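This report concerns only the one structure given below.
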Amino acid sequence: MLPILRFPDPRLKKRAEPVRNIDESILRLARDMAETMYEAPGIGLAATQVDVHKQVIVIDVSDTRDQLLTLINPEIIESDGSQTGEEGCLSVPGVYDKVERAERVVVRYLDLEGREKTIEAVGLLAVCLQHEIEHLSGTMFVEHLSRLKQMRIKARLAKQAKITA
Ligand code: NI
């Protein structure tokens with residue numbers, strides 16, 4: 001299991017580079033990220049969160065936990081509508097809040113064999129795709145919340161870190 005960076009670690013603000021070559025190190029990263037996501041447990045994880053600044057995300061929103069999606073260089077090419085749901089993040093443990101997102105997205109990406117694919121998603125999967133893709137550009141879901149809420153979250157996580165340190 002890979003260690004997960006916690007908000008407000010400045011490394012979470014780094015912009016991930018596109019993957020040029022899907023080599024053994026990328027395959028290993030994708031495997032380790034999936035294992036880390038399932039173990040946590042979570043429904044999505046971006047490479048940024050494990051301090052690897054490459055454009056790789058893993059997602060599984062299924063109840064059965066057997067519908068793993070690995071997306072390399074994901075890019076939202078269409079989005080419309082809006083939905084608001086509670087979000088959480090493995091980098092912001094214990095914090096859930098409402099965020100407005102597009103209802104439907106189409107994402108273009110490469111799979112692990114380097115084939116170009118598109119996925120169309122609505123509902124939770126659409127939210128998760130937007131949340132994870134945003135991580136790759138260094139943005140956290142809490143940045144959609146008010147300044148006051150962000151300050152409270154920072155204070156709460158700092159307190160937690162003190163207790164567990
Ligand atoms: Ni997250």
Side-chain angles (χ1 to χ4, degrees), residues 1-19 26 29-63 65-76 79 82-110 119 121-161 164:
M1 210 179 145
L2 303 166
I4 298 174
L5 299 177
R6 289 199 173 188
F7 179 76
D9 191 306
R11 291 171 289 181
L12 287 165
K13 302 293 302 170
K14 285 196 195 173
R15 190 170 272 276
E17 296 285 332
V19 173
I26 295 294
L29 170 67
R31 275 199 304 270
D32 290 347
M33 282 172 60
E35 210 168 301
T36 303
M37 172 185 75
Y38 286 122
E39 196 67 33
I43 60 171
L45 187 69
T48 308
Q49 293 175 273
V50 294
D51 201 22
V52 177
H53 303 282
K54 301 240 170 80
Q55 293 179 12
V56 179
I57 63 177
V58 293
I59 288 178
D60 189 343
V61 297
S62 72
D63 293 330
R65 311 295 279 154
D66 58 359
Q67 302 292 314
L68 176 64
L69 280 170
T70 302
L71 294 86
I72 297 171
N73 301 346
E75 191 191 347
I76 295 171
S79 68
S82 80
Q83 58 176 323
T84 304
E86 289 258 306
E87 285 184 36
C89 179
L90 293 174
S91 293
V92 197
V95 174
Y96 300 88
D97 214 320
K98 289 195 171 78
V99 177
E100 192 183 338
R101 301 280 188 187
E103 164 60 21
R104 171 187 164 270
V105 292
V106 178
V107 173
R108 182 165 56 207
Y109 66 100
L110 299 177
I119 183 170
V122 295
L124 180 61
L125 180 56
V127 168
C128 196
L129 283 162
Q130 291 170 83
H131 177 120
E132 302 311 331
I133 290 170
E134 207 174 60
H135 269 300
L136 299 178
S137 56
T139 303
M140 307 277 295
F141 89 98
V142 294
E143 292 175 64
H144 293 277
L145 307 176
S146 69
R147 294 234 162 235
L148 180 63
K149 277 188 177 171
Q150 290 185 48
M151 275 167 50
R152 286 199 189 124
I153 291 166
K154 277 181 196 167
R156 184 167 153 193
L157 292 186
K159 208 168 159 189
Q160 270 179 21
T164 52

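Computed from a predicted model, the values in this text were never measured in an experiment. When a ligand or atom number is given, it counts from 1 through the structure's own listing order.
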For a quick check under 3.5 Å, do Glu100 and Thr84 share a side-chain donor-acceptor pair by atom type?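 On atom types as modelled, these side chains do not qualify, holding no pair under 3.5 Å.
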Is the closest side-chain donor-acceptor distance between His144 and Glu134 under 3.5 Å?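 Yes - a donor-acceptor pair under 3.5 Å links their side chains.
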Looking at residues at least two apart in the chain, or sitting in another chain, which of them share a side-chain hydrogen bond (donor to acceptor under 3.5 Å, both in side chains) with Lys149?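 Scan of Lys149 (side-chain hydrogen bond (donor to acceptor under 3.5 Å, both in side chains), adjacent residues dropped) gives Asp97.
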Using 2.8 Å as the cut-off, count the protein N, O or S atoms closer than that to the Ni ion (ligand 1).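 With waters ignored, the protein N/O/S count below 2.8 Å is 3.
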Looking at Lys54 and Glu17, is any side-chain nitrogen of the basic one under 4.0 Å from a carboxylate oxygen of the acidic one?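 No, Glu17 and Lys54 are not salt-bridged.
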Is any side-chain heavy atom of Asp51 less than 4.5 Å from a side-chain heavy atom of His53?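 Counting from C-beta outward, Asp51 and His53 do come under 4.5 Å.
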Contact summary for Ala102 and Ser79, nearest pair of heavy atoms: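 Ala102 and Ser79 have their closest heavy atoms at CB-CB, 3.9 Å.
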